[in-house]
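Notes for the one structure printed next.
These numbers were taken from a predicted model, which means no experiment stands behind them. Heavy atoms only: backbone and side chains are in, while hydrogens, waters and symmetry mates are out.
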Amino acid sequence: MKDKGFDLRLASFFFLLPLSICIYLFFIIPSIADPITQDELWWYSKPVFIEKGDFSGEFAKYLWSPPLYGYLLTLSFWLFDTNEVSARLIGVLFNISTIVITFLLAKEIFLVTNTTRVASEASGGKDKDGNQKGSSIFKVQADGNLREGFDSDDTSAPEAYRQEFSGVRPYLAAALAVFIYACNPMVIQGSLIVDIDNTILTTFMMLTLYCFVRVRDCLNTKNIVLLCLIYSLALWSKLTLPPLIIFSILLFFLFNKDLKPNLYKIIIIFFAGSTIFLCSWWVVSYLEGLPFLHPLVYFLKSFTGQMHESMKYNKILFVRRIFRLGLWISPIIIVFIFLLCIERIKAFLKNRRLEIFDLLLIYSNFIFIGYIVVGGLLFGFPKYHYPMMPVLSVVISVYIINSISSFSKKNFYLLIVIVLIGIIYNIVFVGDILYEFSFVLRKIVVENPLESSKVLQGIVYRLLYLVLFFIVVLFFLKKYTDW
């Protein structure tokens, strides 16, 4: 008999993944040759100095990060000449790599979380000390059975469920994750900006996270060396963000009693990976005549933030940053993640245990909060928040696929109807708030300042309508379906 699950897995990897990449390319290709502007000009001009071997003057003075991105730009210019397309090609290629890694991470997170849940349920939800085992984001059916006719007392359930979850659903979650990521306006715009955070840094951070998820239960010498090398590669892209992923993993291990014995291995990865980077960077800086300490000093200074003396001003500044960030990411995604974080905090307080799913939320929240306080939004675009976008896509897709997997046919059709209504509602009543706020409002401020407050008020009202509609839909799904 033909394995339909296998066909769907092939379709997701060989059709849905390439389709998401094609959708991403469809959106970015029309703008890939746009003029280089603002702080992009700094990176655009530096490959000339690298190519000539001239590392003096401004290049050395403003060397905020290791020059890996500059070397890649130089290579692109050498291969395809110095132009806008060559400058943005690095970001496009690395973003395609990020899409592939996002697909693999979502599949792995789905499979790992479900396997953990099934093992916990099959053991009665208790560990060897009699404590509650796990704090799963997924629910058992109301009748007490696991699913598909398996009873919780059936010792064959874990293996059966491993086979079930290794089937179609992990691939559907992965396909949905890359689709959400590829269609996000922040992702599309950010990958066209000639800079580090939204190009090579995001890819290397995702690679580090994915490799850790893959080997977290087997941190032997070989895997520790692998993680050290990948972490040092992430440091070569930029120094400020990679330590956050180590700190997130440390917290994840710290709040899981059975993982605490391996805590020292994460510390080893941090120090060994940092040592590999520092040694390699010293060699490069010595051979090229670059200031070894400049990126390190900038790294230390970056934690001082951009705080104003007035607390009132700081509050207004933070609200403005969150508002702009919400428009770029999507207000619905912000509200969804906020509600999901509350749900996961309640689960942790009840069970005193984190899942691998929670690691993604910890990492995303560190970036979200940290760069609201420290980095802000350069020229109105949240480039420092860019590395959390693929992770948020994974979180959303895994949660949605697991929620609808227990839907009856009637509830599934109801969900489709609600989605269609939401699309129509967004087009007719909400519109493109991001465009109006970023461009239309700016034009009105210049041409007719007296009307600007009225336009801004209209944008805020429509934003509230969108969020309210989403909350009502969530409430309806929780109350009347198996969400």
Subject >> Cys228: partners by side chain to side chain contact (heavy atoms under 4.5 Å, CB included), with sequence neighbours left out >> reply: Ile224, Ile269, Ala272, Ile276

Original post:
Is there a side-chain contact between Arg324 and Phe381 (heavy atoms, below 4.5 Å)?
Top reply: no

**OP:** Give the intermediate values and the outcome of side chain to side chain contact (heavy atoms under 4.5 Å, CB included) for residues Leu244 and Met205.
**Re:** CA-CA 10 Å; Leu244 276 182; Met205 293 300 290; 5.6 Å; no

Side-chain donor-acceptor distances from residues 100-109 under 3.5 Å, at least two apart:
unit_1, atom_1, unit_2, atom_2, d
Thr102, OG1, Thr98, O, 2.7
Glu108, OE1, Arg214, NH1, 3.2

**OP:** Tell me, please, which residues at least two apart from Tyr210 pass ring-ring contact (aromatic ring centres under 6.0 Å, His included).
**Re:** none

Original post:
Which salt bridge (charged side-chain N to carboxylate O under 4.0 Å, His left out) pairs, counting each pair once, include a residue from residues 229-238, with sequence neighbours left out?
Top reply: Asp197-Lys238

Original post:
Is there side-chain contact between Leu241 and Tyr371, with at least one heavy-atom pair below 4.5 Å?
Top reply: yes

Original post:
Side chain of Tyr69, backbone of Asp195: donor and acceptor closer than 3.5 Å?
Top reply: yes

Original post:
How far apart are the closest heavy atoms of Ile362 and Leu251, and which atoms are they?
Top reply: CG2-CD1, 4.4 Å

Original post:
Which value, rounded to the nearest 0.5 Å, describes the distance between Ile345 atom CD1 and Leu361 atom CG?
Top reply: 9.0 Å

Subject >> Any residue meeting side chain to side chain contact (heavy atoms under 4.5 Å, CB included) with Val225, in chain and number order, not counting sequence neighbours >> reply: Thr221, Leu229

Subject >> Minimum heavy-atom distance Thr208-Ala234, with the two atoms named >> reply: OG1-CB, 4.0 Å

Original post:
Between Leu296 and Leu300, is a side chain to side chain contact (heavy atoms under 4.5 Å, CB included) present by the stated rule, with each step listed?
Top reply: CA-CA 6 Å; Leu296 305 178; Leu300 295 175; 5.8 Å; no

For residues 25-36, which side-chain donor-acceptor pairs fall under 3.5 Å, sequence neighbours excluded?
none

Original post:
Taking all atoms of both residues into account, what is the closest heavy-atom pair of Ser20 and Val178, and its distance?
Top reply: OG-CG2, 3.4 Å

**OP:** Check whether any side-chain heavy atom of Asn220 sits under 4.5 Å from a side-chain heavy atom of Cys218, and report yes or no.
**Re:** yes

**OP:** Can you run down the side chain to side chain donor-acceptor pair (under 3.5 Å) pairs that involve residues 262-276, sequence neighbours left out, and say none if there aren't any?
**Re:** Asn262-Lys265

**OP:** For Phe253, enumerate each residue passing the ring-ring contact (aromatic ring centres under 6.0 Å, His included) test, keeping only those at least two apart in sequence or located in another chain.
**Re:** Phe212

Original post:
Do Leu392 and Leu360 touch side chain to side chain, with heavy atoms closer than 4.5 Å?
Top reply: no

**OP:** With the side chain counted from C-beta on, respond yes when Ser397 and Phe179 share a heavy-atom pair under 4.5 Å apart, and no when they do not.
**Re:** no

Original post:
Are any side-chain N or O atoms of Ser237 and backbone N or O atoms of Ile200, one a donor and one an acceptor, separated by less than 3.5 Å?
Top reply: no

Subject >> side chain to side chain contact (heavy atoms under 4.5 Å, CB included) involving Ile396 - partner list, sequence neighbours excluded >> reply: Ile180, Ile333, Phe336, Ile337, Ile400

Subject >> Side-chain touch Leu176/Leu16, heavy atoms, less than 4.5 angstrom >> reply: no

Original post:
Does Tyr231 have any ring-ring contact (aromatic ring centres under 6.0 Å, His included) partners at least two apart in sequence or in another chain, and if so, which?
Top reply: none

**OP:** Might you confirm whether atom CZ of Phe247 has over 12 heavy atoms from other residues, nucleotides or ligands at distances under 6.0 Å?
**Re:** no

Subject >> Ser65 and Trp236 side chains, donor-acceptor separation under 3.5 Å >> reply: no

Original post:
Is the backbone N or O of Tyr399 less than 3.5 Å from a side-chain atom of Asn402, with the two atoms forming a donor-acceptor pair by type?
Top reply: no

Original post:
About how many Å separate CD of Glu355 and CG of Asp358, when rounded to the nearest 0.5 Å?
Top reply: 6.0 Å

**OP:** First locate atom CD1 of Ile249, then atom CG of Leu263, and finally report the distance between them rounded to the nearest 0.5 Å.
**Re:** 11.0 Å

Subject >> Heavy-atom check, side chain of Val395 versus side chain of Phe357, under 4.5 Å >> reply: yes

Original post:
CZ of Phe255 to CZ of Arg352: how many Å apart, nearest 0.5 Å?
Top reply: 9.0 Å

Subject >> Considering all heavy atoms, the nearest Pro243-Thr240 contact >> reply: CD-O, 3.7 Å

**OP:** Indicate whether the side chain of Asn198 and that of Tyr384 have a donor and an acceptor atom separated by less than 3.5 Å.
**Re:** no

Subject >> Pairwise distance CH2(Trp281) to CZ(Phe292) - rounded to 0.5 angstrom >> reply: 8.0 Å

**OP:** Kindly indicate whether the side chain of Ile266, heavy atoms from C-beta on, has any atom under 4.5 Å from the side chain of Leu219.
**Re:** yes

Original post:
Do Asn95 and Tyr386 have a side chain donor and acceptor closer than 3.5 Å?
Top reply: yes

Subject >> side chain to side chain contact (heavy atoms under 4.5 Å, CB included) between Phe366 and Met388, intermediate numbers included >> reply: CA-CA 9 Å; Phe366 275 149; Met388 75 180 184; over 6 Å; no

**OP:** Mind checking side chain to side chain contact (heavy atoms under 4.5 Å, CB included) for Asn256 and listing every partner two or more places apart, or none if nothing turns up?
**Re:** Phe252, Asp258, Leu259, Arg353, Leu354

Original post:
Could you give the distance from CD (Glu84) to CG (Leu89), rounded to the nearest 0.5 Å?
Top reply: 13.0 Å

Subject >> Counterpart residues, ring-ring contact (aromatic ring centres under 6.0 Å, His included), relative to Phe94 (two or more places apart) >> reply: Phe204

Original post:
Which pair of non-hydrogen atoms, one from Asn365 and one from Cys341, has the smallest distance, and what is that distance?
Top reply: ND2-SG, 3.3 Å

Original post:
Which heavy atom of Met389 sits nearest a heavy atom of Val187, and at what distance?
Top reply: CB-CG2, 4.0 Å

Original post:
Donor-acceptor pair, Tyr24 side chain versus Cys183 backbone, under 3.5 Å?
Top reply: no

